[in-house]
Undergrad: 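First the structure, which I've put down as C-alpha cells, then a few questions once you've had a look.
Order of appearance sets the numbers: ligands from 1, and atoms from 1 within every ligand.
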Amino acid sequence: MKIVIAGVGYVGLVTGLGLAKLDNKIQFLDIDSNKINKLKDKELPFYEPGLKELFVAPDVYGNITFHDSYSKIDWVNLDIFMICVQTPSTTDGTLDTSFMTNVFSELNLHLKNNTIVCIKSTIHPSAVNSFLESSDIKSERIVFNPEFLREGSAIDDFFNPDRIVIGSDDLDNAQKIATLYENFPSEMLFTDPISSQLIKYLANTYLPLRLSFANEASQLVSTMGGTLGDVLKGIGLDTRIGQNYLRPSPGWGGSCFPKDLNEIQNLADNNSLNLPIIKNINESNNIHMEWFGNQLIEIKKEKKLQQIVLLGASFKENTDDIRHSPTLTIYKNLKALGEKIYIYDQYIELDEDFDEITNFEDNTLYVEMFPISDNVFKEYKEKLSKYENVYYFRFWEEVLDI
Ligand SMILES: NC(=O)c1ccc[n+]([C@@H]2O[C@H](COP(=O)([O-])OP(=O)(O)OC[C@H]3O[C@@H](n4cnc5c(N)ncnc54)[C@H](O)[C@@H]3O)[C@@H](O)[C@H]2O)c1
C-alpha cells in the first residue's frame, strides 16, 4: 500500500521501516528538515538495536522516501496517512495537542478522498473529535491503531507485537488497516475508538504501577534487611502475579509513562472520578527516586567515598533516549543537596546542566542505573580494578565482587 508516515520519531521511523520491509511504499514526512536531511544521508536520528540494518536493507531502502513538507507529498491514490507525532504533556500536566492540531490543519488542505487517517500517536478520541470539528474530515475515516513498541526492542516488537489493536467506527477502514498486519503472529483486537485508546492509556498506567510496586517493595525489603531478588521472585511465582516486569530500579521514566499517567488523570478529573491508585503512581516514582538518592548518600558516607558517578544517562538500557530519565532526576536531586555527582555515559553527550566524566576516578561510588550487558560490566570491572577505594552499586542485586 501507499502510506505516509507523519512524524519520523521512535514510533514513526520503526513503523515505517517495518511496513516498508513488508513491501509497502512509504513516504516519511517530518517538519524537522534537519532530521529529514540527515535521513536522506542515511544518518539515523537515534539509536535502536537493529534499526540501521533494517534501514539500509535494499528491500527496505527501495521502498522509502523522505519529505520535510506536506506540499512535497504525493497525495494521489494514497491509501493511509499514519500519524506518529508526539503528544507530550504541557508544563501544567495537560495534553499538548499542538503537534496533532498542526497535522490536522495540513490534512484539511491536502488530504484526498478515500485516504484513511490512521492514528498511532497516543491521544484520546475526544481530543481528535475537536480537531475534526474544524475540518472537513469525517470521523469514519479515522482509525486508531495504538502503538505498544518498547524502545530498546522496538524492531522485534513491531514484527512480533503482543497484540494489535484497531479502533474504528468504520469496519471497512479497520479491515484495511488490519491487512497491514495480516501475517503477524499476534492476536488482533477490533474495538470502538474510545476502547482502543483506553487500552493504550491503561496499559501505560498498569506498567509503571507494577514498576512502582516493585520499587516500593524494594524500599521495604532493603530497610527490613531482606534479600530483594528472593522476595520479588517469591511474589512473582504466584501465577496470578507473574515474574515478568516485577523489576526494581532507581526509578522509571521515558517519554510515555509520565505523560500518559498525567493524561489518564486529566481524563479522570474531567469526568469527576476519584481514582487514588492512578493519581499517585507518578508521585510514588518521585518519592522512590528521592529515597534512592538518599541511599546513595548513605553508602557514600559509610564507605568513606568522596563522590558519586551515575552510570548511564538514558532512561533504560539499549536506547539513547533521555526523556524523563531517572538518572537526570536523581542527578539533579543530589546536586541540589550539595553532593559531588557526575554522569558517565560513553555514547550520550548531555547539555551543560549536567557534569559528565569520561574517565573513572578513585574514592568514588559507581551506580549502575539500569541493567547493563555482561560485556559492559566486564569492561567497567577491568577499568575500575585500576582505581583505589571504589564501590560499585547495583541496586537490584546483592553486593557485586568488583
Ligand atoms: N517512544 C515510544 O516508545 C512510544 C511507544 C508507543 C507509543 N508512543 C506514542 O507515539 C507517539 C510518538 O512518539 P515518539 O516517541 O515516536 O515521538 P518523537 O518525539 O520521537 O517523534 C515525533 C516526531 O514528529 C515530528 N512532528 C511534529 N509535528 C509534526 C507535524 N505537524 N508533521 C509531521 N511531523 C511532525 C517531530 O519533528 C518528531 O520527529 C506519541 O504519541 C507517543 O506517546 C511512543
Side-chain angles (χ1 to χ4, degrees), residues 4-18 26-39 43-49 51 66-73 81-89 95-111 117-125 127-128 131 135 144-158 161-165 196-197 199-205 207-208 252-264 314-325:
V4 166
I5 298 277
V8 191
Y10 287 85
V11 167
L13 189 56
V14 170
T15 305
L17 295 179
I26 306 296
Q27 299 176 68
F28 282 109
L29 167 64
D30 202 295
I31 49 168
D32 181 345
S33 48
N34 191 26
K35 188 182 253 189
I36 290 296
N37 286 336
K38 284 185 173 168
L39 281 160
E43 200 181 315
L44 291 174
F46 53 84
Y47 171 74
E48 181 63 39
L51 191 66
F66 293 99
H67 312 270
D68 61 5
S69 114
Y70 284 72
S71 57
K72 293 179 186 163
I73 291 295
F81 185 92
M82 209 172 246
I83 303 178
C84 304
V85 302
Q86 63 269 54
T87 49
S89 288
L95 178 69
D96 178 354
T97 53
S98 59
F99 303 96
M100 288 293 268
T101 307
N102 290 343
V103 174
F104 274 89
S105 44
E106 291 282 358
L107 281 180
N108 214 22
L109 297 175
H110 298 283
L111 198 69
V117 178
C118 175
I119 301 183
K120 278 224 160 270
S121 298
T122 306
I123 188 160
H124 49 86
V128 174
F131 309 139
S135 93
F144 290 89
N145 175 210
E147 182 52 61
F148 298 94
L149 61 76
R150 295 160 299 174
E151 289 174 25
S153 56
I155 310 279
D156 191 46
D157 289 345
F158 174 82
D162 288 340
R163 75 297 215 187
I164 293 160
V165 176
S196 69
Q197 286 307 86
I199 291 169
K200 175 65 194 173
Y201 274 114
L202 289 171
N204 271 8
T205 303
L207 292 169
W252 47 261
S255 66
C256 290
F257 291 164
K259 59 107 179 163
D260 289 350
L261 281 167
N262 283 341
E263 194 48 22
I264 203 88
S314 57
F315 82 93
K316 65 171 182 181
E317 63 272 29
N318 290 326
T319 179
D320 56 6
D321 194 347
I322 58 167
R323 292 179 284 185
H324 293 279
S325 167

Undergrad: Among protein heavy atoms, which lies nearest atom 41 (O) of ligand 1, and at what distance?
TA: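 Among all protein heavy atoms, the one nearest atom 41 (O) of ligand 1 is T87 OG1, 2.6 Å.
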Undergrad: Which option out of S121, P45, G7 puts a heavy atom nearest to atom 34 (N) of ligand 1?
TA: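 The option holding the nearest heavy atom is G7.
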Undergrad: Tell me the protein heavy atom at minimum distance from atom 43 (O) of ligand 1, and give that distance in Å.
TA: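 I find the closest protein heavy atom is K259 NZ, 2.4 Å.
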Undergrad: Does T122, backbone or side chain, put an N or O under 3.5 Å from an N or O of ligand 1?
TA: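 T122 vs ligand 1: N/O contact under 3.5 Å present.
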Undergrad: Flag D260 as yes when one of its N or O atoms lies below 3.5 Å from any N or O atom of ligand 1, and as no otherwise.
TA: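 There is no such contact.
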Undergrad: Tell me whether N102 has any N or O atom under 3.5 angstrom from an N or O of ligand 1.
TA: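 N/O-N/O distance under 3.5 Å: no.
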Undergrad: At their closest point, which heavy atom of R150 faces which heavy atom of K316, and how far apart are they?
TA: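 The answer is CB-NZ, 3.9 Å.
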Undergrad: Any nitrogen or oxygen of D32, side chain or backbone, less than 3.5 Å from one on ligand 1?
TA: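 For ligand 1, there is no N or O atom that lies under 3.5 Å from one belonging to D32.
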Undergrad: Nearest 0.5 Å, please: how far is OG in S255 from CD1 in I322?
TA: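 Between atom CD1 of I322 and atom OG of S255 there are 12.0 Å.
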Undergrad: Can R150 be said to touch ligand 1, with heavy atoms closer than 4.0 Å?
TA: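 For ligand 1, residue contact (heavy atoms, under 4.0 Å) with R150 is absent.
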Undergrad: Considering all heavy atoms of both residues, which atom of I123 and which atom of F144 are nearest to each other, and what is their separation?
TA: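 What the structure gives for the nearest pair is O-CE2, 3.9 Å.
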Undergrad: Quick one: look at E106 and ligand 1, take heavy-atom pairs under 4.0 Å, and tell me if it's side chain, backbone, both or neither.
TA: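 Looking at E106 and ligand 1, no heavy atom falls under 4.0 Å.
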Undergrad: Decide yes or no for I31 and N102: does some side-chain heavy atom of the first lie under 4.5 Å from some side-chain heavy atom of the second?
TA: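 Not in contact.
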Undergrad: Starting from atom 25 (C) of ligand 1, which protein heavy atom do you reach first, and at what distance in Å?
TA: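 Result for atom 25 (C) of ligand 1: D30 OD2, 3.2 Å.
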Undergrad: Less than 4.5 Å apart, any side-chain heavy atom of K200 and any of V165?
TA: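 When only atoms from C-beta onward are counted, V165 and K200 do not touch, as no gap falls below 4.5 Å.
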Undergrad: Are S135 and L107 packed together at the side-chain level, in the sense that at least one heavy-atom pair is separated by less than 4.5 angstrom?
TA: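 Side-chain contact under 4.5 Å: no.
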Undergrad: At under 4.0 Å between heavy atoms, is it the side chain or the backbone of R323 that contacts ligand 1, or both, or neither?
TA: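 The side chain, only.
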Undergrad: Do N37 side-chain atoms and S33 backbone N/O form a donor-acceptor pair below 3.5 Å?
TA: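 Yes, because the side chain of N37 sits within donor-acceptor range (under 3.5 Å) of the backbone of S33.
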Undergrad: Side-chain contact, heavy-atom cut-off 4.5 Å: L95 with H124?
TA: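 The answer is yes; the side chains approach within 4.5 Å.
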Undergrad: What residue and heavy atom of the protein are closest to atom 22 (C) of ligand 1, and at what distance?
TA: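 Looking at atom 22 (C) of ligand 1, the protein heavy atom closest to it is Q86 OE1, 3.2 Å.
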Undergrad: Within the 4.5 Å heavy-atom criterion, are L17 and I26 side-chain neighbours or not?
TA: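 Contact flag for L17/I26 side chains = no.
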Undergrad: Please find the pair of heavy atoms, one from G7 and one from C84, that lie closest to each other, and give the distance.
TA: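 That would be O-CB, 3.6 Å.
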Undergrad: Looking only at protein heavy atoms, identify the closest one to atom 13 (O) of ligand 1 and say how far it is in Å.
TA: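 Answer, as residue, atom name and distance: V11 CG2, 4.1 Å.
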Undergrad: List ligand 1 atoms under 4.0 Å from S255, heavy atoms only on the residue side.
TA: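 Those qualifying, in numeric order: 1 (N).
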Undergrad: Return the closest protein heavy atom for atom 32 (N) of ligand 1 as residue, atom name and distance.
TA: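 It is Y70 OH, 2.6 Å.
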Undergrad: Please report the interatomic distance CD(E48) to CG(L13), rounded to the nearest 0.5 Å.
TA: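 Between atom CD of E48 and atom CG of L13 there are 9.5 Å.
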Undergrad: Looking at K35, which atoms of ligand 1 are within less than 4.0 Å of one of its heavy atoms?
TA: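 By the 4.0 Å cutoff, the relevant atoms are 38 (C), 39 (O).
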Undergrad: Within ligand 1, which atoms have a heavy atom of G9 less than 4.0 Å away?
TA: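 Within the 4.0 Å cut-off of G9, ligand 1 contributes 16 (O), 18 (P), 20 (O), 21 (O), 23 (C).
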Undergrad: Which heavy atom of the protein is the closest neighbour of atom 11 (C) of ligand 1, given with residue, atom name and distance?
TA: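 Atom 11 (C) of ligand 1 sits closest to the protein heavy atom V85 O, 3.4 Å.
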Undergrad: Which of the atoms in ligand 1, numbered in the order shown and given with their element, are less than 4.0 Å from a heavy-atom of K200?
TA: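 The list of qualifying atoms is 6 (C), 7 (C).
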Undergrad: Which protein heavy atom lies closest to atom 7 (C) of ligand 1, and at what distance to 0.1 Å?
TA: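 Going atom by atom, the protein heavy atom closest to atom 7 (C) of ligand 1 ends up being E147 O, 3.5 Å.
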Undergrad: By number and element, which atoms of ligand 1 are closer than 4.0 Å to a non-hydrogen atom of C84?
TA: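 Per the distance check, 12 (C), 22 (C).
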Undergrad: Under 3.5 Å, side chain of S121 to main-chain N/O of V85, donor-acceptor pair present?
TA: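 Side chain of S121 to backbone of V85: a pair is present.
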